[in-house]
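Being a predicted model, the structure only gives us computed values, none of them experimental.
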Amino acid sequence: MDIKRDMYLNQLISKKNNGLVKVITGIRRCGKSYLLFELYYNHLIQSGVKDEQIIKLALDDDINIKYRNPMYLSEYLRDAVKDKNIQYYVFIDEIQYAQTIENPYLEGNAITFCDVLNGLNKFPNVDIYVTGSNSKMLSSDILTEFRGRGDEVRVHPLSFAEFMSVYDGDKYSGWLEYYTFGGMPLVLKMQGQEQKAAYLTGLFKETYVKDIIDRNKIKNTQQLEEILDILSSSVGSLTNPNKLSKTFKSVSGVDLSPNTIKSYIEKFEDSFLINKTLRYDVKGKRYIDTPAKYYFEDVGLRNARLNFRQQEETHILENVIYNELRYRGFNVDVGIIEINEKQENGKYGRKQLEVDFVANKGSKRYYIQSAFSMPTLEKTSQEKRPLVNIDDSFKKIIVTKDRTMLSRDEYGIVTMDIFDFLLNENSLDL
């Protein structure tokens, strides 16, 4: 089953030979290696590049364990590209396996894979691509270490449109499958719900949790897993380490400091497992650091973590909309609008209304509400209320699970169903 991932492929094509190290990041098993070693490799071959011009190395393969040492990695790569008359393309998979070692020639300094790739990148006949699954190593930090010579391509699990491009069924049965088992590519190749559930459950425990524990040398693994369970149960809810500390104590009867919980959450974020979304005061134009919301990179993984017991479609819908906005390249915040409102005692007081998502990309901004159902005028008015109280000219949208025709009201608020939103890449501009 060949899944087209044209958005990411076109990004790589546009960055070809741009003089930067292309850093392909994302959660493990989301399709980074397939993108680079299959889709992009085939593109190069079809464009006339010969196989011997493409140097491929998978550092997560035990056979290549030697090259996790940056000294040996440097020696291997430099030898592989020594013909200066040939244009080479270097593909390195799961670069976070590369070690950091002490510099034998300069005491107190360390040698990292960044040093190796920075040196190799000076070769005019070499174009470098690496994949990795740890944001702390492979996002802001690595781009800094590359001294402006790193270029990130963030890959996510399958979007609903990508999923439906190979799904054998209509969009309604596809939605049921997607919000239950998510968009990890290998799930589509599996038969039956039991097999899919077992794969996701095993992937979570044996890959993601194990990676986090091993990389960070965590001894009290039970605490980490219980925090993960709490976050899974409260996806899309406002929370912070203090609140989670209280919840942890009520669930397990054990005191766990907010700082420890904060550290665990950061490790989940580093592994691309969850994403933190800050609150943004729309009128005050400022961020509110706490509380925040957390969404899972893949809803199937979130459901698997809870053994598929808590499948509240309302919260899952919100998570899917969030993931779609991230897939489309938006920075996403939770919107806060403060209004003056008459209270029951007759006096006016301040009240905060919430917009589920404020999506920003360049000069574009969209305010988006996730509404599972709007069966009554009262419910419709409740969902529109925060949007009506925003006094700027950016587009305001309600996405609902209700089967509804796309419409625009007197305030300019657009209402569309989830399928119009997910299956049309231009849906935000309809």
Side-chain angles (χ1 to χ4, degrees), residues 26-27 29-30 135 154-164 171 174-185 187 196-197 200-201 203-204 208 227-239 244 265 268-269 271-280 291-335 354-359 366-373 383 397-402 416-423 427-428:
I27 191 171
R29 305 290 187 267
C30 73
S135 67
R154 174 70 187 276
V155 177
H156 301 276
L158 299 177
S159 69
F160 185 63
E162 289 176 318
F163 175 90
M164 287 303 300
K171 61 186 179 183
W175 171 254
L176 178 62
E177 186 87 5
Y178 187 77
Y179 91 72
T180 302
F181 298 110
M184 300 304 285
V187 171
K196 294 175 182 181
L200 289 170
T201 302
L203 183 63
F204 208 122
Y208 305 128
I227 290 299
L228 197 49
D229 288 337
I230 293 171
L231 286 172
S232 302
S233 297
S234 58
V235 65
S237 300
L238 288 170
T239 191
L244 288 170
I265 291 174
F268 301 146
E269 291 181 83
S271 296
F272 299 105
L273 194 56
I274 62 171
N275 297 292
K276 180 180 180 180
T277 306
L278 296 176
R279 293 195 299 165
Y280 178 73
K293 289 189 177 185
Y294 295 91
Y295 294 99
F296 269 74
E297 180 74 357
D298 181 75
V299 294
L301 289 171
R302 177 264 180 189
N303 294 338
R305 182 65 199 179
L306 298 172
N307 292 318
F308 299 92
R309 289 193 300 264
Q310 287 181 239
Q311 288 182 241
E312 316 92 335
E313 200 172 353
T314 305
H315 298 304
I316 294 175
L317 176 76
E318 187 176 324
N319 203 141
V320 169
I321 293 172
Y322 173 84
N323 288 348
E324 178 68 20
L325 292 170
R326 293 291 305 276
Y327 165 78
R328 296 186 189 185
F330 286 93
N331 294 314
V332 185
D333 305 312
V334 177
E354 183 178 290
V355 176
D356 288 323
F357 304 118
V358 181
Y366 301 89
Y367 299 105
I368 300 168
Q369 286 286 74
S370 170
F372 180 73
S373 181
E383 295 291 349
I397 300 169
I398 298 176
V399 180
T400 177
K401 180 59 171 50
D402 290 338
M416 66 179 68
D417 70 26
I418 188 63
F419 301 112
D420 283 335
F421 172 68
L422 294 176
L423 294 176
S427 59
L428 294 178

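Between Glu313 and Lys401, at least one side-chain N (NZ, or NE/NH1/NH2) sits under 4.0 Å from a carboxylate O, which counts as a salt bridge.
Across Asp402 and Asp417, no two heavy atoms sit closer than the pair O-CB, 3.1 Å. Contact detail for Leu423 and Ala161: the closest heavy-atom pair is CD2-CA, 3.9 Å. Smallest separation of non-hydrogen atoms from Gly26 and Arg154: CA-NE, 4.0 Å. Contact detail for Phe204 and Leu228: the closest heavy-atom pair is CE2-CD2, 3.2 Å. Scanning both residues, Ile321 and Phe421, for their nearest heavy atoms gives CG2-CE2, 3.9 Å. Residue Ser232 comes nearest to Phe296 through the heavy atom pair OG-CZ, 3.2 Å, listed as atom of the first residue, atom of the second, then distance.
Side-chain N or O atoms of Asp356 include one that pairs as donor or acceptor with a backbone N or O of Ser370 at under 3.5 Å. When atom types are taken as modelled, the side chain of Asp298 and the backbone of Gly300 share a donor-acceptor pair closer than 3.5 angstrom. The backbone N or O of Glu324 sits nowhere less than 3.5 Å from a side-chain atom of Ser159 that would complete a donor-acceptor pair. Using modelled atom types, no side-chain atom of Asn303 and backbone atom of Phe308 make a donor-acceptor pair closer than 3.5 Å. Between the side chain of Asn319 and the main chain of His315, no donor-acceptor pair closer than 3.5 Å is present. Side-chain N or O atoms of Gln369 include one that pairs as donor or acceptor with a backbone N or O of Glu383 at under 3.5 Å.
Rounded to the nearest 0.5 angstrom, Asp333 CG and Thr277 OG1 are separated by 7.5 Å. Remark: Leu428 CG to Met416 CE distance equals 6.5 Å, nearest 0.5 Å. A distance of 12.0 Å separates OH of Tyr367 from CD1 of Ile397, quoted to the nearest 0.5 Å. In this structure, CD1 on Ile398 lies 11.0 Å from CD1 on Ile368, to the nearest 0.5 angstrom. Residue Leu158 holds its CG atom at 8.0 Å from CZ of Phe163, rounded to the nearest 0.5 Å. Here Arg302 contributes atom CZ and Ile274 contributes atom CD1; the two are 13.0 Å apart, rounded to the nearest 0.5 Å.
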> Does the pair Tyr295 and Glu318 meet the rule for a side chain to side chain donor-acceptor pair (under 3.5 Å), with working shown?
Replying inline: CA-CA 9 Å; Tyr295 294 99; Glu318 187 176 324; 2.5 Å; yes
> Between Phe330 and Phe357, is a ring pair (Phe, Tyr, Trp, His ring centres under 6.0 Å) present by the stated rule, with each step listed?
Replying inline: CA-CA 11 Å; Phe330 286 93; Phe357 304 118; over 10 Å; no
> Step by step, would you call Ile27 with Leu301 a side-chain contact (heavy atoms from CB on, under 4.5 Å)?
Replying inline: CA-CA 11 Å; Ile27 191 171; Leu301 289 171; 3.8 Å; yes
> Hey, mind stepping through Leu325 and Tyr366 against side-chain contact (heavy atoms from CB on, under 4.5 Å) and telling me if it holds?
Replying inline: CA-CA 10 Å; Leu325 292 170; Tyr366 301 89; over 6 Å; no
>> Val332 vs Asn275, test: side-chain contact (heavy atoms from CB on, under 4.5 Å). Steps then yes/no.
In response: CA-CA 10 Å; Val332 185; Asn275 297 292; over 6 Å; no
>> Quick one, Glu162 with Tyr327, criterion side-chain contact (heavy atoms from CB on, under 4.5 Å). Give me CA distance, side-chain angles, the key distance, then yes/no.
In response: CA-CA 11 Å; Glu162 289 176 318; Tyr327 165 78; 3.7 Å; yes
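In this structure, Leu238 and Glu354 have side chains that are in contact, with non-hydrogen atoms separated by less than 4.5 Å. For the pair Asn323/His156, no side-chain contact is recorded, criterion being any heavy-atom separation below 4.5 Å from C-beta on.
Aromatic pair Phe268/Tyr294: ring centres not closer than 6.0 Å.
Considering only residues two or more places apart in sequence or on other chains, Asp229 meets the salt bridge (Lys or Arg N to Asp or Glu O under 4.0 Å) condition with Arg305.
Classified by interplanar angle (parallel below 30°, tilted 30° to 60°, perpendicular above 60°), the ring pair Trp175/Phe419 is perpendicular. Aromatic ring orientation, Phe160 versus Tyr178: perpendicular (interplanar angle above 60°, classes split at 30° and 60°).
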